[in-house]
Protein chains: 2
Amino acid sequence: MPRRGTMADVARSAGVSPTTASFVLAGRTDMRISDAARQRVLEAARALAYRPNVTARSLRTRSSRTIGLVSDTITTTPYAGEVIRGALEAARARDHLLFITETGGDPAAGSGLVNALLDRQVDAVIYAAMFTRHVDPPPELDGGRVVLLNCLAPGRNAPSVVPDEIEAGRTAARVLLGAGHTRGIWSIGGRHALPATPDGWFAGNERIRGLDEALRAGGAALDGVVECAWEAADGYREVRALLAGGRRPGALVCATDRVSFGAYQALAEAGLRVPDDVSVVSFDDQDFASWLRPPLTTIALPHSELGRVAVELILDPGPLDATVHRVPMPLRVRDSVGPPHENG
Amino acid sequence: MPRRGTMADVARSAGVSPTTASFVLAGRTDMRISDAARQRVLEAARALAYRPNVTARSLRTRSSRTIGLVSDTITTTPYAGEVIRGALEAARARDHLLFITETGGDPAAGSGLVNALLDRQVDAVIYAAMFTRHVDPPPELDGGRVVLLNCLAPGRNAPSVVPDEIEAGRTAARVLLGAGHTRGIWSIGGRHALPATPDGWFAGNERIRGLDEALRAGGAALDGVVECAWEAADGYREVRALLAGGRRPGALVCATDRVSFGAYQALAEAGLRVPDDVSVVSFDDQDFASWLRPPLTTIALPHSELGRVAVELILDPGPLDATVHRVPMPLRVRDSVGPPHENG
DNA sequence: GGGATCCGCTAATTCGATTTAGCCCCAGCC
DNA sequence: GGCTGGGGCTAAATCGAATTAGCGGATCCC
């Protein structure tokens with residue numbers, strides 16, 4: 001790239017010392033500078049289209065107006081793009097830039113990436129996971145300014161930003177209760193308590209907890225919980241099996257839109273119509289939720305909000321503590337929930 | 001973050017001058033250094049867990065081992081995450097970090113972001129668009145090391161990396177010809193030649209060109225082209241209208257998986273089965289393509305490849321020229337294409 | 001009139017590396 | 001014994017800003 005003008009150039013062209021130029025351009029008022037000199041500096045800077053070299057400045061000030069984001073994967077639906085977008089917008093509003101890195105799921109890669117960021121004097125690091133879980137951030141981050149995005153690290157004195165899954169569970173319950181459902185309600189996906197993840201996932205546990213609680217408060221209850229993985233194939237297989245077993249659910253609470261996708265297929269094959277025969281409420285709000293027929297009522301993961309809140313926390317002055325910030329998950333009302341079928 | 005050891009610390013601890021430490025740590029052999037001194041420096045660096053400060057180094061060397069990525073949107077399906085992932089992996093393999101920025105579709109934002117990158121001494125900039133099109137990169141990039149990702153800018157002497165849409169069109173034709181289709185072939189989505197985009201989209205034009213060419217070469221031809229936007233709702237509406245108009249297509253070439261998604265719905269409503277009654281071949285390979293029933297045969301946008309190639313181009317030594325690099329689009333054979341229906 | 005004050009600046013140092021220029025000492029040679 | 005020629009280093013400048021220390025000159029005061 002073409003060589004850019006430096007502050008020394010500005011100072012020379014304005015006939016003042018670099019010190020004076022620096023104070024004028026930094027807008028500092030703790031040194032007396034005549035209006036005439038100030039104007040000459042400003043004019044010279046404008047004429048030369050002067051822009052400060054942030055690299056040089058960081059060397060002296062130890063601040064680079066730069067944040068690092070380390071995540072496990074930025075690819076996996078439904079996180080990723082939107083999280084980054086939210087973070088980007090918040091960063092840009094405060095005149096910061098974002099380094100994006102990913103470990104690709106390799107825990108050993110974390111240290112290397114964090115070091116690469118620290119080598120470049122980032123002011124802070126956002127450590128992110130693409131589904132909510134407990135993590136163990138690399139020790140290099142200890143003592144630094146860190147925010148955990150969509151993950152928790154007990155004992156690390158860093159704030160976490162996670163979706164409010166408990167309240168989302170309550171919301172799902174209220175949607176169903178509001179439509180008149182009190183029985184025949186099934187969870188498809190449950191807590192994700194599979195052989196591989198016997199304790200379930202954070203999101204699963206919290207949602208079921210909120211769902212149970214609010215259902216009970218409304219005088220209803222879950223009829224059953226099908227534990228399975230959260231992909232389209234699982235929704236298809238499990239709902240099909242449920243129907244084949246003679247069950248006749250009145251409402252499905254699907255763990256993800258992908259599960260709902262599969263559930264729709266199984267219901268269609270069985271000749272059941274949504275929402276006339278079976279209501280479906282879901283979580284995530286992926287793109288295709290609105291393309292399904294009927295469009296899916298779902299509770300959105302607040303991707304971009306998570307990114308935005310994380311950046312704002314990290315850039316707001318003041319110390320960080322280990323608070324867990326729960327970001328609301330908005331309900332998208334579409335057409336997959338209706339009153340219970342008369343024979344329900 | 002805790003203060004890190006500097007090269008001066010290493011030099012002091014090894015009992016040599018900073019110059020010697022620098023030469024040893026940089027692995028330079030153009031100055032004679034005794035093995036003893038070399039070992040002492042290496043040992044001291046190890047003991048102090050010394051890592052060079054890239055910011056300080058950049059100031060001197062004018063290279064930051066950092067690349068900037070400027071895109072219009074990183075959100076829009078189907079680009080985004082995978083492009084970034086490909087770029088990230090290639091950058092990491094060469095020990096570089098990536099700044100990600102987005103204009104959010106505001107053309108005026110480009111200059112500001114490019115300046116913010118330049119202020120931080122990025123070595124190069126990738127200018128990306130989320131669907132293939134002509135762009136006008138900010139003038140600040142002139143004279144710099146720039147690669148255009150998924151876009152073209154004639155007259156700017158920067159290489160472009162784009163999907164090979166022409167060959168993808170040919171591939172679609174071959175899939176159909178291979179299954180025995182020679183008539184009743186319809187394009188849904190066409191060139192995207194709508195009132196708003198009368199010249200069509202780059203991808204649309206190229207695909208139709210390749211499709212036409214290979215179909216003709218195989219003794220077949222398109223029966224018709226339905227121009228429409230490329231969303232699910234468009235696919236649904238247009239295929240429905242086609243069928244209502246008494247047409248009975250034997251094979252659909254859908255412009256995107258989203259269009260296919262809608263097409264599937266319209267076909268199902270009309271009681272037509274894929275692929276027994278109608279074959280469908282598509283472009284993009286979004287996630288849900290494999291969840292559809294039957295799974296969709298589609299030609300993938302090589303997202304991560306695009307990102308990877310762009311980074312490799314930009315980091316490979318040597319001058320850049322205005323070559324257009326076409327990245328192959330791989331065919332994903334699934335179950336939506338079969339032999340023509342007997343009454344087809 | 002001489003010292004204290006204040007105004008409006010500038011010189012010089014610093015941040016942490018890289019790099020150019022050159023120094024000292026010992027060995028070899030005539 | 002003086003001169004050359006490495007070998008093995010170091011001093012100092014440099015990159016582009018921020019910042020500390022301090023300096024002339026005018027003004028004020030007694």
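Quick caveat: nothing in here was measured; it's all calculated off a predicted structure. All values below come from the heavy atoms of this structure, side chains included, with hydrogens, waters and symmetry mates left out. Proteins get letters first, then strands, A, B, ... in listed order; numbering begins at 1 in each.
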Salt bridge flag under 4.0 Å for residues A:Asp119 and B:Arg4: yes
Would you say the base of D:dA11 and the side-chain of B:Thr19 have a donor-acceptor pair closer than 3.5 Å? yes
note: B:Arg4, atom CZ; C:dC15, atom C1'; distance rounded to Å ~ 14 Å
On DNA chain D, check which nucleotide each of A:Met31 and A:Leu25 is closest to and give me the residue with the more 5' one. A:Leu25
Is the phosphate of C:dC9 approached by A:Thr20 (side-chain N or O, under 4.0 Å from OP1 or OP2)? no
Using a distance-only criterion (donor-acceptor N/O pair, under 3.5 Å, no hydrogens), is the base of D:dA17 paired with the side chain of A:Arg60? no
By nearest-heavy-atom nucleotide on DNA chain D, the more 5' of A:Pro52 and B:Phe23 is B:Phe23
When you check the phosphate oxygens OP1 and OP2 of C:dG16, does a side-chain N or O of A:Arg62 lie under 4.0 Å from one of them? yes
C:dT10, OP1 or OP2 - any side-chain N/O from A:Ser17 closer than 4.0 Å? yes
Salt bridge present between A:Asp123 and A:Arg62 (N-O < 4.0 angstrom): no
Rounded to the Å, how far apart are A:Arg65 CZ and D:dA17 P? 16 Å
Could you tell me how far apart B:Arg32 (CZ) and C:dC24 (P) are, to the nearest whole angstrom? 21 Å
For the pair made of CZ in A:Arg12 and P in D:dA17, what is the distance, rounded to whole Å? 11 Å
Using atom types as modelled and distance alone, determine if a side-chain donor or acceptor of A:Arg145 lies under 3.5 Å from a backbone N or O of A:Ile314. yes
Give, ordered by number, those residues of residues 33-41 of chain B having at least one heavy-atom distance below 4.0 Å to an atom of DNA chain C; if nothing qualifies, reply none. none
Atom CG of B:Asp30 to atom C1' of C:dG22: distance rounded to whole Å? 16 Å
Looking across every strand, which nucleic acid part, if any, lies under 4.0 Å from B:Thr61 by heavy atom: base, sugar-phosphate, or nothing? sugar-phosphate
Would you call B:Glu82 and B:Arg85 a salt bridge, using N to O less than 4.0 angstrom? yes
Residue-phosphate contact under 4.0 Å: B:Arg57 side-chain N/O, C:dT18 OP1/OP2: yes
B:Ser64 side chain to B:Thr55 main-chain N or O, any donor-acceptor pair under 3.5 Å? no
Between A:Arg40 and A:Ala14, is there a donor-acceptor pair closer than 3.5 Å when you use the side chain of the first and the backbone of the second? yes
Among the nucleotides C:dT19, C:dA17, D:dT10, which one has an atom lying closest to any side-chain atom of B:Arg28? C:dT19
Spatial distance of atom CG (A:Leu25) from atom OH (A:Tyr50) [nearest 0.5 Å]: 6.0 Å
So A:Val54, base contact, sugar-phosphate only, or nothing? Heavy-atom distance under 4.0 Å. nothing
For C:dT18, take OP1 and OP2 only and decide whether either is under 4.0 Å from a side-chain N or O of B:Ser22. yes
Length of the line joining A:Leu48:CG and D:dG16:P, which is rounded to integer Å: 14 Å
note: B:Arg120, atom CZ; D:dG16, atom P; distance rounded to Å ~ 17 Å
Answer yes when B:Arg308 and B:Glu305 have at least one side-chain N-carboxylate O distance shorter than 4.0 Å, and no when they do not. yes
Could you state the CG-P distance from A:Leu59 to D:dT19, rounded to the nearest angstrom? 12 Å
